[in-house]
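Scroll down for the structure; my scribbles are underneath it.
So you know, we letter chains A, B, ... as the sequences are listed, proteins then strands, and number each from 1.
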Amino acid sequence: MKIATYNVNGVNGRLPVLLRWLEETTPDVVCLQELKAPQEKFPEQAIRDIGYHAIWHGQKSWNGVAILSRSGQMKEVRRVLPGDPEDLHSRYIEAEVDKLVVGCLYLPNGNPAPGPKLDYKLNWIKRFAAHAQTLVNQDMPVVLTGDYNVIPTGFDVYKPERWVDDALFRPEVREAFHQLVAQGWTDAIRKLHPEDKIYTFWDYFRDAYGRDAGLRIDHFLLNAAVSGRLRAAGVDRHVRGWEKSSDHAPVWIELANAK
DNA sequence: ATGCCATTCTGTGAATGA
């Protein structure tokens with residue numbers, strides 16, 4: 001089965017691109033981030049018309065996450081990240097689908113840093129790590145995917161020295177991400193492509209895509225119950241080159257069927 | 001250091017993004 005993640009940067013403004021990509025690649029499960037649409041403005045019918053059942057948690061103007069499934073048998077587990085009832089951002093949704101637990105996340109950006117946005121980001125990672133700790137050792141296969149807004153290493157950015165003070169690459173952010181992974185998660189893209197330069201985001205500015213000045217910030221973390229089924233992983237880079245594209249490209253993995 | 005571009009909306013610029 002194929003699972004994909006895509007930060008769409010506006011699900012309604014991006015709808016033609018999203019539908020074209022879904023019809024072209026037909027992933028079984030899709031996690032979307034940055035819907036930038038209130039709950040009632042999610043384009044459910046257009047997505048249903050091409051064969052996907054959807055659950056989503058919208059928010060006006062910002063954030064927003066969704067999970068799509070072609071099998072249609074999806075059981076929502078939660079639509080908020082536990083740990084802070086005051087946090088109203090729509091940044092996490094989790095479901096059981098096709099005998100997997102799928103967590104779809106949009107981790108806070110954190111810029112400008114330092115400052116309250118970086119503090120919010122670090123606190124969000126802490127809450128996410130606490131939740132991930134409850135999932136990592138389960139017998140159930142778990143896939144946590146989305147826009148992590150973290151550049152894991154200097155190899156994951158075109159010019160690391162330009163990013164040292166940025167909230168996507170600051171040492172404390174990288175350290176928090178590495179501690180999360182060290183719970184026992186597999187970074188699926190890097191696992192299968194340890195030597196390749198792989199980016200998932202290219203800024204709209206300065207022809208970043210044309211210069212391949214990218215970042216790897218959209219990730220798949222797999223627990224041990226599923227990591228052995230990982231068969232392929234990649235980035236649909238060409239989608240970033242389409243007219244009216246998101247600044248992110250879709251990222252995907254393929255899993256062998258369960259024994 | 002800033003702007004570079006693109007999204008959304010209690011809009012016509014501001015806030016946000018990475």
Side-chain angles (χ1 to χ4, degrees), chain A residues 5-19 21 31-43 56-66 87-92 104-125 128 145-174 176-177 189 197-219 235 237 239-251:
Chain A
T5 184
Y6 189 17
N7 178 323
V8 290
N9 189 12
V11 71
N12 286 304
R14 202 73 59 214
L15 192 58
V17 167
L18 173 62
L19 296 176
W21 166 71
C31 292
L32 302 177
Q33 304 86 36
E34 279 209 88
L35 304 178
K36 292 188 170 182
Q39 187 68 14
E40 64 276 13
K41 292 280 180 64
F42 183 83
W56 67 95
H57 190 190
Q59 182 182 331
K60 192 179 69 178
S61 299
W62 297 303
N63 310 315
V65 285
D87 180 9
L88 300 178
H89 291 198
S90 297
R91 295 184 176 274
Y92 189 72
C104 171
L105 65 138
Y106 176 45
L107 204 144
N109 176 303
N111 281 306
K117 295 202 171 181
L118 178 64
D119 297 342
Y120 173 63
K121 176 178 196 168
L122 291 168
N123 192 47
W124 204 96
I125 297 176
F128 183 65
T145 187
D147 179 358
Y148 281 73
N149 268 319
V150 177
I151 302 165
T153 75
F155 189 54
D156 297 305
V157 48
Y158 65 102
K159 193 174 272 198
E161 62 273 21
R162 288 265 178 94
W163 291 81
V164 287
D165 293 325
D166 191 280
L168 278 64
F169 194 55
R170 289 172 66 93
E172 64 269 44
V173 171
R174 274 184 279 162
F177 180 77
I189 298 283
K197 187 178 68 173
I198 294 180
Y199 301 142
T200 67
F201 167 92
W202 297 262
D203 213 311
Y204 288 122
F205 304 163
R206 300 171 298 247
D207 190 31
Y209 180 64
R211 296 183 295 118
D212 199 24
L215 317 174
R216 189 174 76 95
I217 54 176
D218 301 88
H219 307 301
V235 180
R237 282 180 62 105
V239 174
R240 177 63 181 81
W242 288 354
E243 194 78 19
K244 294 281 284 178
S245 164
S246 169
D247 40 8
H248 294 250
V251 186

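Residue contacts for A:Tyr209: at a heavy-atom cut-off of 4.0 Å it reaches no nucleic acid atom on any strand shown. In this structure, A:Leu215 reaches the sugar-phosphate backbone alone: every heavy-atom distance under 4.0 Å involves primed, P, OP1 or OP2 atoms, never a base. Residue A:Lys41 is classed as having no contact, given no heavy-atom separation below 4.0 Å to the nucleic acid. Nucleic acid contact for A:Asn63: none, since no nucleic acid atom lies under 4.0 Å from a heavy atom of the residue.
If you measure from atom CG of A:Asp207 to atom C1' of B:dA6, you get 15 Å, rounded to the nearest angstrom. If you take CD of A:Gln33 and C1' of B:dT7, they are 16 Å apart, rounded to a whole angstrom. In this structure, CG of A:Asn7 is placed 17 Å from P of B:dT16, rounded to the nearest angstrom. Rounded to an integer number of Å, the gap from A:Phe201 CZ to B:dT7 P is 13 Å. In this structure, A:Lys121 places its NZ atom 16 Å from P of B:dT16, rounding to the nearest Å. To the nearest angstrom, P of B:dT8 lies 13 Å from CH2 of A:Trp62. Put simply, CD1 on A:Ile151 is 16 Å from P on B:dG17, counting in whole angstrom units. Between the CD atom of A:Glu243 and the C1' atom of B:dA6 there is a distance of 13 Å, given to the nearest Å.
Remark: the A:Lys117 side chain and the A:Asn111 side chain contain no N/O donor-acceptor pair separated by less than 3.5 Å.
Nucleotides B:dT10 and B:dC5, compared at atom C1', are 25 Å apart to the nearest Å. Separation of the C1' atoms belonging to B:dT12 and B:dA1 is 29 Å when rounded to the nearest angstrom. Rounded to the nearest Å, the gap between the C1' atom of B:dG11 and that of B:dA6 is 16 Å.
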Under 3.5 Å, which N/O atoms of the protein pair with N/O atoms of nucleotides 10-13 of chain B?
{"unit_1": "B:dT10", "atom_1": "OP1", "unit_2": "A:Lys60", "atom_2": "NZ", "d": "2.6"}

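Nearest heavy-atom pair across A:Phe155 and A:Lys197 is CZ-N, 4.0 Å.
Comparing A:Leu35 and A:His89, the nucleotide of DNA chain B nearest to each residue sits closer to the 5' end for A:Leu35. Sequence order on DNA chain B of the closest nucleotides to A:Asn9 and A:Asp166 puts A:Asn9 first from the 5' end.
Below 30°, between 30° and 60°, or above 60°: for A:His219 and A:Phe177 the angle between ring planes is between 30° and 60°, a tilted geometry.
With distances taken from any side-chain atom of A:Arg14 to the nucleotides B:dT16, B:dC5, B:dA6, the minimum falls on B:dA6. Of the listed nucleotides (B:dT7, B:dA6, B:dC9), B:dA6 has the atom at the smallest distance from the side chain of A:Tyr204. Proximity note for A:Arg91 (side chain, C-beta onward) versus B:dG17, B:dT8, B:dC9: the nearest is B:dG17.
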field: Check against side-chain contact (heavy atoms from CB on, under 4.5 Å), A:Leu168 and A:Lys121
entry: CA-CA 10 Å; A:Leu168 278 64; A:Lys121 176 178 196 168; 4.2 Å; yes
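Under the rule for a side-chain contact (heavy atoms from CB on, under 4.5 Å), the partners of A:Arg240 that lie at least two apart in sequence or sit in another chain are A:Trp202, A:Tyr204, A:Tyr209, A:Ser245, A:Asp247, A:Ala249. Every side chain to side chain donor-acceptor pair (under 3.5 Å) that A:Asn63 has, sequence neighbours left out, goes to A:Gln59, A:Arg91.
For CZ of A:Arg211, the number of neighbouring non-hydrogen atoms (other residues, nucleotides, ligands) closer than 6.0 Å is greater than 12. Summarising the local packing, CG of A:Asp165 is surrounded by 12 or fewer heavy atoms from other residues, nucleotides or ligands at distances under 6.0 Å.
Taking side-chain N and O atoms only, A:Arg206 has no distance below 4.0 Å to OP1 or OP2 of B:dC5. Remark: A:Lys36 is not in phosphate contact with B:dG17, judged by side-chain N or O atoms under 4.0 Å from OP1 or OP2.
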